[in-house]
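Below: the structure, in structure tokens.
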2 protein chains.
Amino acid sequence: MSKQKINIKDVAARAKVHPSTVSRVLNPTTRSMVSMDVADRVQKIADQMGYARSSLASGLRTGKSFTVGVIIPDLSNPVFPPVVRGIERALGAEGYIAILADSDNSQRSERAIFDSLKARSIDGLILATAHIDDPVVSACVAEDLPVVLVNRTVDAHDVTEVINNDDLGIELAVSHLTELGHRRIAFLGGPMDTTTGRDRRRTFERLGREGQFSFDPDICVNCAAFTEAAGHDGMNRILRHEGAFTAVVASNDLLAIGCYDALAECGLACPDDVSVTGFNDMRFVDRLSPPLTSIHIQHDQLGVQAANLLLEEIRDDKAPRKTVRLDPELIVRGSTAAPSTSS
Amino acid sequence: MSKQKINIKDVAARAKVHPSTVSRVLNPTTRSMVSMDVADRVQKIADQMGYARSSLASGLRTGKSFTVGVIIPDLSNPVFPPVVRGIERALGAEGYIAILADSDNSQRSERAIFDSLKARSIDGLILATAHIDDPVVSACVAEDLPVVLVNRTVDAHDVTEVINNDDLGIELAVSHLTELGHRRIAFLGGPMDTTTGRDRRRTFERLGREGQFSFDPDICVNCAAFTEAAGHDGMNRILRHEGAFTAVVASNDLLAIGCYDALAECGLACPDDVSVTGFNDMRFVDRLSPPLTSIHIQHDQLGVQAANLLLEEIRDDKAPRKTVRLDPELIVRGSTAAPSTSS
DNA sequence: TTGTAGGCGTTATCAC
DNA sequence: GTGATAACGCCTACAA
């Protein structure tokens, strides 16, 4: 049975060489130090015996664990699974694995997770949880732990990040609506302590001030979280105002879904009475009724590039911090239409 | 700076005690062996210095890593994220963490992932990927690695499993339809190499033979995968047959969505022409058009219980293998209605 | 090219 | 109750 864990010494004994020789053979970097015939023989025996290096022991010795932490704010938000898959695929290709943790949108548990990850001597960290002012990010920087932010970023530090071009995203949404003829546009924003929440709102305001439509702060709300419930709530706040509007830009698809609910409760039809745009183009929004016009972000690439940049930094201390900004795309579906002339 | 990792020796030096004493203090199990005052002092100093035990070193010495592997067939299938969250929550509460891997529905990569996990000396494994005959499960059993299957199971081994009561699920779907008056019911099944695929079909057939409706193998197909595309394809195969039917039982929500597409392409309306039931009640199926009648399974509990049973087995070699079968619930929505009298 | 020896940080075991 | 010692499995100067 392979029940019994076999180690480098066992292999050495069978191959009649010293354990260090076996170590050298099994290590791509040092393999060239050993003669071809011995190397082949050792390799064959190791395979036969089903030897597998203990990453604990080798990690202890070398200080590298080939393990990366990944913290996600909410795995049940369909934006993240594809990002996670991208991360895993890219890491796996290089022999790294991911410890995944869900912070449940709580900064406190993010911190706790971070501490627990540190104790496991991870080689690096990918954070999808960044807040504008984020102690975990600061800690990584202070401790020189390689870290890459994905989707969201922070203000303070020079940290590698792979984010969506949110300016472009909001521009696409707004110009789509203005081209349809909308002039009074409401905004359903996200939490202002995240860059995605804040920056999408900023861009929206800027476009308003630039005259692309008539900006009215009364119909621009910030939601407490990127959830359907928060979107529902936020939309109700907008509806309470007098300000007429013919369209809503939601800064996230879940908010848009909450918006759908609030509109329906008021007897407003989408897109006949109000057009709605989402953001992220998460899975299944094409099957809502009406199918949601949204801003498609490159979920997969977000993950893949984050992982690859992290590996670069792990391998090279001095690798410069980078910012990758991926361009999104407007996907027009049934939730947007020209404003009805009657309104 | 805490940049410099501090270890048990550093703490010992500062506290003027032997490293083993520090180890004893920091270890809940052995803390009682040391006098209260020394324990307190050491603890305080350790906290001050920001000491964090190296889980690598301690794992190497003790043979326990407090790490569990989790293999998921497809994280982008919305059934799994809540299961994963349940797993993580339960593991985290006990100081364990999860290495998550997505096998991409491929048995080959499942095997590769398994090997890579083994090398990381995980304490146990949770598999959501089980096939009826699964070499990875066999390997776990052979090597005495604690393993828990979730959602799907295997035939051959006596392995702890946390699964949905699929018999009940199909019964709920079928009796809902027969109560509505349906007599000719089609079946859109999953891959026959998974227990979920096979057993749901078996139950469906049994109910047919028992006379609950008229069973017709021509309108019962097995899909190659639990995906929309496979469901679409499968439904087309059903539609090609002469056999008239007024309802479809899909053995998974993604298949049901594919079914929606195929029906729409044929100009058949749901539920007016054909009623459809899904299975899993994954997130957002309540927002499809029409909202999908589905079998709600306890996603979260599936994960939580799997994690807890795994912890039991990790802690006690001799813990008996258990089977937990969670009862699902029928959620009636807009995709089912009485058959139209015209058909 | 291969062997030797020491240590990564922790803890089990023995001795005091 | 505390200290000393060895070992978990691996890697890497250094020596031969």
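Lettering follows sequence order; numbering is per chain, from 1.
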Practice task
Rounded off to whole Å, could you give me the CG-to-C1' distance for the N7(A) and dC11(D) pair?
Solution key: 14 Å
Exercise for the section: Please determine if D158(A) and R321(A) form a salt bridge, counting it only when a charged side-chain N lies under 4.0 Å from a carboxylate O. Expected result: no
Exercise for the section: Give the rounded distance in Å between these two atoms: CZ of F66(A) and P of dC10(D). Expected result: 15 Å
Exercise for the section: May I have the distance from L26(A) (atom CG) to dG9(D) (atom P), rounded to whole angstrom? Expected result: 16 Å
Completion exercise
Winner on side-chain proximity to S20(A), out of dT2(D), dA12(C), dT12(D), is dT12(D)
Fill in the blank from the handout: Out of dC10(D), dA7(D), dT2(D), minimum distance to the side chain of V38(B) belongs to dT2(D)
Exercise for the section: Using atom CD1 of I6(B) as one end and atom C1' of dG9(C) as the other, report the distance to the nearest whole Å. Expected result: 12 Å
Exercise for the section: Quick one: closest heavy-atom pair of A130(B) and V154(B), and the distance? Expected result: CB-CG1, 3.9 Å
Completion exercise
When rounded to whole Å, the CD1 to P distance for the pair I8(A) and dT12(D) reads 11 Å
Completion exercise
Quick note, A57(B) side chain, CB onward, closest among dT13(C), dT2(C), dT10(C) is dT10(C)
Problem - T30(B) vs dT11(C): side-chain N/O to OP1/OP2 distance below 4.0 Å - result: no
Problem - Between dT11(C) (C1') and L56(A) (CG): distance, integer Å - result: 14 Å
Practice task
Output yes when D40(B) and R31(B) qualify as a salt bridge under the 4.0 Å nitrogen-oxygen rule, no when they do not.
Solution key: yes
Problem - The single option from N151(B), T195(B), T323(B) passing side chain to side chain donor-acceptor pair (under 3.5 Å) against E161(B) - result: T323(B)
Problem - Distance test, side-chain N/O of H18(B) to OP1/OP2 of dA4(D), below 4.0 Å - result: yes
Practice task
Between R61(B) and K16(B), just flag the one whose closest nucleotide in DNA chain D comes earlier from the 5' side.
Solution key: K16(B)
Exercise for the section: For dC11(D), take OP1 and OP2 only and decide whether either is under 4.0 Å from a side-chain N or O of S23(A). Expected result: yes
Practice task
Can you figure out which of dC10(D), dC8(C), dG9(D) approaches the side chain of L60(B) most closely?
Solution key: dG9(D)
Practice task
Calculate the interatomic distance between M36(A) atom CE and dT2(C) atom P; express it in whole Å.
Solution key: 12 Å
Practice task
Consider the side chain of M33(B), meaning its heavy atoms from C-beta on, and name the nucleotide among dT12(D), dG9(D), dT2(D) that approaches it most closely.
Solution key: dT2(D)
Exercise for the section: Scan R53(A) against the nucleic acid and name what it touches under 4.0 Å (heavy atoms): base, sugar-phosphate only, or nothing. Expected result: sugar-phosphate
Handout entry: Any side-chain heavy-atom pair of E110(B) and L127(B) under 4.5 Å
Key = yes
Problem - Under 4.0 angstrom between T21(A) side-chain N/O and dT2(C) OP1 or OP2 - result: no
Problem - Selected nucleotide, minimal atom distance to S54(A) side chain, candidates dA6(D), dC10(D), dG3(C) - result: dC10(D)
Exercise for the section: Give a yes/no on whether any side-chain N or O of N27(A) is located under 4.0 angstrom from OP1 or OP2 of dC11(D). Expected result: yes
Problem - Spacing of Y96(B) atom OH and I122(B) atom CD1 [to the nearest 0.5 Å] - result: 12.0 Å
Problem - Interatomic distance, R24(A) CZ vs dA5(C) P [rounded to whole Å] - result: 14 Å
